[in-house]
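Throughout, protein chains are lettered first and strands after them, A, B, ... in sequence-line order, and every chain is numbered starting at 1. Quick caveat, the model's predicted, so the values are computed rather than measured.
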Amino acid sequence: MILVPDRSLELLSRDFYERPTTEVSRDLLGRYLVLQRPGEADHIGKLVEVEAYVGAEDRASHASRGHTRRTAPMFEEAGRAYVYLIYGMYWCLNVVTEEVGQPCAVLIRAVEPVQGLTLASNGPGKLCRAYGLDGTWNRADMTSSPLRITAGEPVDQASIAASPRVGVDYAAEWAEKPLRFFITGNRHVSRPPKPKRQDLLPR
DNA sequence: GGCTCGATCTTG
DNA sequence: AAGATCGAGCCC
């Protein structure tokens, strides 16, 4: 049973991720996050919200504390997962970007359900719960493993908005940089911007 | 060894 | 507005 066009399930290559992290972040919107496990329905969601973590200088990034056991994957091969536990109870999924040695990654914050997702996926912790992802997926190769990102439905730049990242108030000037990217108006974005007054007027 | 805090989410 | 819940990172 084909529920999505075949082309949308083509893998993104390693090269895709070996580019500047903000560029990769924007280009990831509209792509599909796919999880295929034996004995389970395929899970497919369209990326609608991501955040860029752009290197060791980025005070909001775990990598700002250097190369440690936890952050090691960020320094490694692009296209692999960096999965970590936050607040003792939620897993968060990133995909590593740029060259080996550059600790950069994109946090996947929300997906729009396409197929097989039964739980809410509008938030980094919630989407890992919806896919059933945990720390065992750390370093999974997202260009080839059962957990992967595929071509999906690429989005034009005009429908992408940027804002400061969520939950990083401690990061001084880095807290304000517009490194969160989302599809304008998409219902599955975790923290939609307040509607403008104008938009609330009856027509 | 102990302390603090977090790239979150839910409930009140 | 505050609590859940625990490992990472840092200091002793």
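Between A/E176 atom CD and B/dA7 atom P there is a gap of 17 Å when expressed in whole angstrom units. Rounded to whole Å, atom P of B/dT8 lies 13 Å from atom CG of A/N122. To the nearest angstrom, P of C/dG9 lies 11 Å from CD1 of A/I86. A/F181 has its CZ atom 15 Å from the C1' atom of B/dA7, to the nearest Å. Summarising the geometry, the separation between CH2 on A/W174 and C1' on B/dA7 is reported as 15 Å, rounded to the nearest angstrom. Per the geometry, CZ belonging to A/R70 stands 11 Å off P belonging to B/dG6, to the nearest Å. Residue A/L127 contributes atom CG, which lies 8 Å from atom P of B/dC9 at whole-angstrom precision. Atom CG in A/L107 sits about 9 Å away from atom P in B/dC9, given to the nearest Å.
No engagement by A/R165 is indicated, since no non-hydrogen atom pair under 4.0 Å with the nucleic acid exists. A/G88 comes within 4.0 angstrom of a base, heavy atoms only. Using a 4.0 Å heavy-atom cutoff across all strands shown, A/R129 reaches sugar-phosphate atoms only and no base atom.
The only member of A/R26, A/R109, A/K126 that meets salt bridge (Lys or Arg N to Asp or Glu O under 4.0 Å) when paired with A/E49 is A/R109.
A/D58 contributes a side-chain N or O that, together with a main-chain N or O of A/V54, makes up a donor-acceptor pair within less than 3.5 Å.
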Criterion side chain to side chain contact (heavy atoms under 4.5 Å, CB included) on A/I44 and A/V34, from CA distance to verdict: CA-CA 5 Å; A/I44 305 179; A/V34 177; 4.3 Å; yes

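Comparing C/dG7, B/dT8, C/dA8 by their nearest atom to the side chain of A/T68 picks out C/dA8. Set against C/dA8, B/dC9, B/dA7, the side chain of A/K126 has B/dC9 as its closest nucleotide. Listed nucleotides B/dC9, B/dA7, C/dT5 differ in distance to A/M89; the shortest reach to its side chain belongs to C/dT5.
Ring planes of A/H62 and A/Y82: perpendicular class, angle over 60° (limits at 30 and 60°). By the 30° and 60° cut-offs, the orientation of the rings of A/H67 relative to A/F75 is tilted.
By the 5.5 angstrom centroid cut-off and the 30-degree plane limit, A/Y87 is classified as stacked against the base of B/dT8.
Contact between the side-chain N/O atoms of A/R69 and the OP1/OP2 oxygens of C/dA8 is not found at any separation under 4.0 Å.
Under the Watson-Crick or G-U wobble criterion, with both distances below 3.5 Å, B/dC5 is paired with C/dG7.
Counting distance only, with no hydrogens placed and no angle test, the side-chain atoms of A/Y84 and the base atoms of B/dA7 include a donor-acceptor pair under 3.5 Å.
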